[in-house]
**Q** 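Sharing a structure, written as structure tokens. Questions coming.
Heavy atoms only: backbone and side chains are in, while hydrogens, waters and symmetry mates are out.
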Amino acid sequence: MVRTRFAPSPTGYLHIGGVRTALFNWLFTRRHGGQFLLRIDDTDQQRNVEAALAPILHGFRWLGLDWDEGPEVGGPHAPYYQSQRLGRYHDAVRKLLAAGAAYRDFATTEEIAAEREAAEREKRPFIYSRKWMAESDADAKRFEAQGRQGVVRLKMPRSGTLVIPDLVRGDVAFEWSREQDHVVQRADGTCLYHLASVVDDFDFEISHVIRAEEHLSNTPRQIFIAQSLGFPLPEYAHLPYVAEPGSKNKLSKRKLDKYLKNADFAKVNAHGQAIAQALGLPITAETFNPVIVDFYEQVGYLSDAILNYLLLLGWSLDDKTEYLSRDEMIANFSLERVNKAPASFDPKKLSAFQDHYMQQVPLKQKVALVLPYLQRAGYVPKPTPCDVGPQLTRLVEAAGDRIKVAGDILSYADFFTDDEALTYDEATFDKRLRAAGATDLLWKYRQGLADVEPFEPASLEEYTKRFAAAENIQLNDIIHALRAALTGKGVGLGLFDTLAILGRERSVRRIELALERART
RNA sequence: GGCCCCGUCGUCUAGCCAGGUCUAGGACACAGGCCUUUCACGCCUGCAACACGGGUUCGAAUCCCGUCGGGGUCACCA
């Protein structure tokens, strides 16, 4: 039975690299009909675990990565919080001690540091001398009498080779003699991550440990702990980490300033920030940026696009498949096809996947996706007035694939504002409406609008073409001025759609307002 | 620095294990063009890579050795 886990620390946000790791675990599990669990690594956490965990669980739910056991859903091995499993870890420490696989050590931090420095000076690898190792209770009493505090260290083998079979990397060899006597229990009695992780993986019957490669060098000590405790070893698969945009360094939430110097990253970020601002979200750069999953949800990305992009960051099906549905992902995922080299996170390519998936969304669904943004930004009241639905549907249809993320609807919010409140792009207004003859043409055009029947794109186009012919001008000569008058912008929807959506009365009104404005 | 991992277009990658079909394929990005009422979409074209050096072989992106380069990790963090 395949059982995998993802073990987030309650940090308050879900990192995009973490999601990639979680996704591979989830996919592998679903592929093999097993269980995927969430374990909370809060061994050194403060008080607000629940609050710091909420956004992470929310992110998983939004992405559709469901877990079979863990927080909120429970399970036969509960609790799934490390902070609530301390007794298990203490049992393990006792067993390790009894088996001679660990010892109580009374060295001070300074003494260890001195040994390390000496080793560095002599250019030899540091290995603890075990000078303050208590081999008996009497030793321990003697050290304690000196006022020393004891920790528990692993008594690592000092010879031999360990070969770790890794499902992604093949066999990886380590020399035991290079491994440190790591601390597994602190002086205050609390236990450390490696011990806790091994114990939990055993308790939760984890069959495959699929994690990022920064854990590869931690694996020998974990194997030592597991073997000393008599636990069967899980299979290991160490995934390449997700790298920064345009570099091979590990992606980190702390280096945001640096990423913002990357043009693509900055562009995606700025786009999202603008939407967030329009929504009045209480955001800071630390909590809202393209490294954090919540960013994408708030801005209105599709979770399918995120997942598909992340899947291809380190995995591929063949030489051409780009788009995979969830079922296809599950049916085809395999650890054998995971790449060994790190892959750079490219927000531009993610956007490309988003474009693609957004184009697949049926109109009705797209309207539903987009409506909350207009409401939250205050353009449409809640509950939705009944005339908004049809108008919004027409708008979304006319906008077509200009709406790349749900939040993009805000670019068209002017359709929902009072005509008097319309804002104008000055450069466009000057160019199109203060040009010679522009106002005369518009004035005449407006006159004719009264007789267009029906007030729909086709007949509007016909009228406009007739108008241009009669005036002996190019269609362009009237269209650009009209768009500027109706929307205040130089770019936007098709002009005849714009007219139809606004309706006769508001179109006329906006033309009049623009004419008036052009005179001043 | 020690240990470990990795190295195909700017980026994600296919090909590598089982050498020839690879004058290295696809995608994103970029450039040019077409379409067109702007923008976006779409379509077409183009640019662009086997880190380097040896070896093995009739033949190497693929196998071997070395070099260089990049990264991860070396906590009483997770």
**Q** Just name whichever nucleotide pairs with B/A14, Watson-Crick or G-U, keeping both distances under 3.5 Å, else none.
**A** none
**Q** Charged N to carboxylate O below 4.0 Å: is that the case for A/Lys320 and A/Asp318?
**A** no
**Q** For A/Met133 and B/C76, what is the distance between atoms CE and C1' respectively, to the nearest whole Å?
**A** 19 Å
**Q** Is A/His215 stacked on the base of B/G72 when the test is centres under 5.5 angstrom and planes under 30 degrees?
**A** no
**Q** Between atom NE2 in A/His15 and atom P in B/C77, what is the gap in whole Å?
**A**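 Nearest whole value for this atom pair: 22 Å.
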**Q** Taking the side chain of A/Lys320 as its heavy atoms from C-beta onward, which of B/A78, B/G26, B/G71 lies nearest to it?
**A**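 My answer, after comparing the listed nucleotides, is B/G26.
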**Q** In this structure, how many angstroms lie between the P atom of B/C76 and the CH2 atom of A/Trp132, rounded?
**A** 15 Å
**Q** Kindly determine whether A/Leu302 and A/Met358 satisfy side-chain contact (heavy atoms from CB on, under 4.5 Å), including the steps that lead there.
**A** CA-CA 7 Å; A/Leu302 264 7; A/Met358 201 63 164; 3.6 Å; yes
**Q** Run the side-chain donor-acceptor check on residues 149-157 of chain A: report pairs under 3.5 Å with partners two or more places apart or on a different chain.
**A**
unit_1   : atom_1 : unit_2   : atom_2 : d
A/Arg153 : NE     : A/Asp105 : OD2    : 3.0
A/Arg153 : NH1    : A/Asp181 : O      : 2.9

**Q** Mind checking ring pair (Phe, Tyr, Trp, His ring centres under 6.0 Å) for A/Trp315 and listing every partner two or more places apart, or none if nothing turns up?
**A** A/Phe333
**Q** In whole angstrom, give the distance that lies between atom CG of A/Leu53 and atom P of B/A78.
**A** 17 Å
**Q** For the residue pair A/Tyr128 and A/Trp132, does the interplanar ring angle fall in the parallel (under 30°), tilted (30 to 60°) or perpendicular (over 60°) class?
**A** parallel
**Q** A/Glu471 pairs by salt bridge (Lys or Arg N to Asp or Glu O under 4.0 Å) with which of A/Arg466, A/Lys444, A/Lys465?
**A**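 With A/Glu471 as partner, salt bridge (Lys or Arg N to Asp or Glu O under 4.0 Å) holds for just one option, A/Lys444.
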**Q** Which residues in residues 114-125 of chain A have at least one heavy atom lying under 4.0 Å from any atom of RNA chain B?
**A**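 A/Arg116 - these, ordered by number, are the residues of the stretch whose heavy atoms sit under 4.0 Å from the strand.
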**Q** Tell me: CG of A/Leu239 to P of B/G72, nearest whole Å?
**A**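 Between P of B/G72 and CG of A/Leu239: 16 Å.
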**Q** Residues of residues 178-186 of chain A with any non-hydrogen atom less than 4.0 angstrom from an atom of RNA chain B: list those, numerically ordered, please.
**A** A/Arg178, A/Val183, A/Arg186
**Q** Salt bridge (charged side-chain N to carboxylate O under 4.0 Å, His left out) between A/Glu244 and A/Lys250: does it pass, once the steps are laid out?
**A** CA-CA 6 Å; A/Glu244 301 171 344; A/Lys250 195 170 77 168; over 6 Å; no
**Q** Nearest whole Å is fine: how far is B/A27 P from A/Tyr309 OH?
**A**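 About 17 Å, once rounded to whole Å.
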**Q** In the 5'-to-3' direction, what one-character label does each nucleotide of nucleotides 5-11 of chain B receive under the scheme B = base within less than 4.0 Å of a protein heavy atom, S = sugar-phosphate only, - = no such atom?
**A** SSS---S
**Q** Within this structure, what is the CD-to-P distance between A/Glu336 and B/C16, rounded to whole angstrom?
**A** 15 Å
**Q** Could you tell me how far apart A/Leu310 (CG) and B/C12 (P) are, to the nearest whole angstrom?
**A**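 Result: 14 Å.
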**Q** Within the 4.0 Å limit for protein heavy atoms, which parts of nucleotides 32-41 of chain B are touched? Write it as a string from 5' to 3', B for base, S for sugar-phosphate only, - for none.
**A** -----BBBBS
